[in-house]
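Accompanying notes for the structure given below.
Note on naming: letters A, B, ... go to the chains in the order of the sequence lines (proteins, then strands), and numbering restarts at 1 for each one. Hydrogens, waters and symmetry mates are skipped; everything else that's a heavy atom, side chains included, is used.
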Protein chains: 2
Amino acid sequence: MAMEILDLETFLPYRLYHLADLVSRDFSRLYKDHFGLTRPEWRVLAGLGQHGTMTASALGEQSAMHKTMVSRAVAELERRRWLARRQDDSDRRLEHLTLTKAGAEAYRNMVPLAKAFEQQMLGRLTTSEQTALTAGLAALERKFG
Amino acid sequence: MAMEILDLETFLPYRLYHLADLVSRDFSRLYKDHFGLTRPEWRVLAGLGQHGTMTASALGEQSAMHKTMVSRAVAELERRRWLARRQDDSDRRLEHLTLTKAGAEAYRNMVPLAKAFEQQMLGRLTTSEQTALTAGLAALERKFG
DNA sequence: CCAAACTGGTTGCATTCGTAACTATCTATT
DNA sequence: AATAGATAGTTACGAATGCAACCAGTTTGG
């Protein structure tokens, strides 16, 4: 077969996707097994924990989620009483979302686990590998994001 | 709120996933719009184009796909007459898959598009950024894959 | 040999997710 | 004001995916 070949293993989009899938699958056990959260729910929790109060659209922008996913994740976390909604006074389309005590508590428990996961991940790399990785990702983000 | 904060934007699993999602979504237009393929179908095409003849399990391993996805993608490509199955003589559970003329033709058309995409992606980065990126990804792959 | 365990591949079912259409509200133009 | 166009968020539906159960064929150990 005298045709030009594409080597899948070294093809950048494939490598990225595959790695992200592996890591994400691994990480998801943290919030799935320990807290029974889906990925969108975890992201909403993370967003509100980090920023205090946000609207659904702001959440969507910050964590790169489609508004339908935000909507469903918020509904579920509200059902659990992990967050509360408050209507905006001047614009009644807007809802300000905040973690409840229980939600903040869950966030507080989650953060060290997440950081430990990341550390364990980076810990497997040498310092120069870590630098290369973050520099490379940052470069891609600058051009893509 | 005096709690430890996790910064989502710089959290490695999130960054990886988000970038991969952006790139993959962008790249998928190539095989979706031009050839009407799904991602699993594209990967099967790529695997067979690269390796000539493979079994379904080999495809699954090479391209990190669940065997159900391989099975469905193979069925669809067979329906299109882009690949053909041949039973193994000594082990009748095995099927050897090969691209047909039409499948090879599609592959031949696809490869330059994929390479151009990758080049365009890398082209936005400086040489040292490219080196950093591939080194960083390779390091992660060594420890994770 | 023959039952038990294993492997390649398919199918049914439940979950996840994205697109598009919808409701309600707000803004801008006239 | 009144209407047209935008925006926040929800919902309904379809497509993609994963898990588990399954079938057919093969290997292994008594």
All side-chain contact (heavy atoms from CB on, under 4.5 Å) counterparts of E118(B), not counting sequence neighbours: F11(A), L12(A), L122(B)
Non-neighbouring partners of K115(A) that pass salt bridge (charged side-chain N to carboxylate O under 4.0 Å, His left out), sequence neighbours left out: E4(B)
Distance check needed: dT7(C) P versus E95(B) CD, whole Å only. 18 Å
Filter on ring-ring contact (aromatic ring centres under 6.0 Å, His included), then keep only pairs touching residues 55-100 of chain B, sequence neighbours left out; what's left? none
Interatomic distance, L94(A) CG vs dC26(C) P [rounded to whole Å]: 9 Å
So, is S71(A) near the phosphate of dA8(D), with a side-chain N or O under 4.0 Å from OP1 or OP2? no
Assess whether a salt bridge exists between E141(B) and R15(A), defined as any Lys/Arg side-chain N lying under 4.0 Å from an Asp/Glu carboxylate O. yes
Going by the rule side chain to side chain donor-acceptor pair (under 3.5 Å), which residues pair with Q130(A) if we only count those two or more places apart in sequence or in a different chain? none
Please write out the pairs of protein N or O atoms and N or O atoms of nucleotides 23-26 of chain D separated by less than 3.5 Å, giving the distance to one decimal.
unit_1	atom_1	unit_2	atom_2	d
dG25(D)	N2	R93(B)	NH1	2.9
dT26(D)	OP1	S90(B)	O	3.4
dT26(D)	OP1	R92(B)	N	2.9

Please report the distance, rounded to the nearest Å, between CZ in R85(A) and C1' in dG9(D). 9 Å
Identify each atom pair where a protein N or O and an N or O of nucleotides 14-18 of chain C are less than 3.5 Å apart, giving names and distance.
unit_1	atom_1	unit_2	atom_2	d
dC17(C)	OP1	R39(A)	NH2	3.2
dG18(C)	OP1	R25(B)	NH2	3.2
dG18(C)	N7	R72(A)	NH2	3.3
dG18(C)	O6	R72(A)	NH2	3.1

So ring-ring contact (aromatic ring centres under 6.0 Å, His included) across residues 112-135 of chain B, not counting sequence neighbours, yields F27(B)-F117(B)
Is there a donor in the side chain of S90(A) and an acceptor in the side chain of D88(A), or the other way round, less than 3.5 Å apart? yes
dT11(D) P sits how many Å from E76(A) CD, rounded? 14 Å
List in chain and number order the residues that pass salt bridge (charged side-chain N to carboxylate O under 4.0 Å, His left out) with R81(B), two or more places apart in sequence or in another chain; answer none if no residue qualifies. none
Residues passing the salt bridge (charged side-chain N to carboxylate O under 4.0 Å, His left out) test with E61(B), sequence neighbours excluded, are none
Could I get the full list of salt bridge (charged side-chain N to carboxylate O under 4.0 Å, His left out) partners for E9(A), not counting sequence neighbours? none
For residues 35-48 of chain B, run the donor-acceptor check on the side chains, cut-off 3.5 Å, and write out each pair with its distance to 0.1 Å, sequence neighbours left out.
unit_1	atom_1	unit_2	atom_2	d
T38(B)	OG1	E41(B)	N	3.3
T38(B)	OG1	E41(B)	OE2	3.4
R39(B)	NH1	S24(B)	OG	3.2
R39(B)	NH2	Y17(A)	OH	2.7
E41(B)	OE1	T38(B)	N	3.1
R43(B)	NH1	S63(B)	O	2.9

So what is the end-to-end bend of the helix from dC1(C)-dG30(D) to dT30(C)-dA1(D), with 5 pairs used at each end and the value given to 10 degrees? 10°
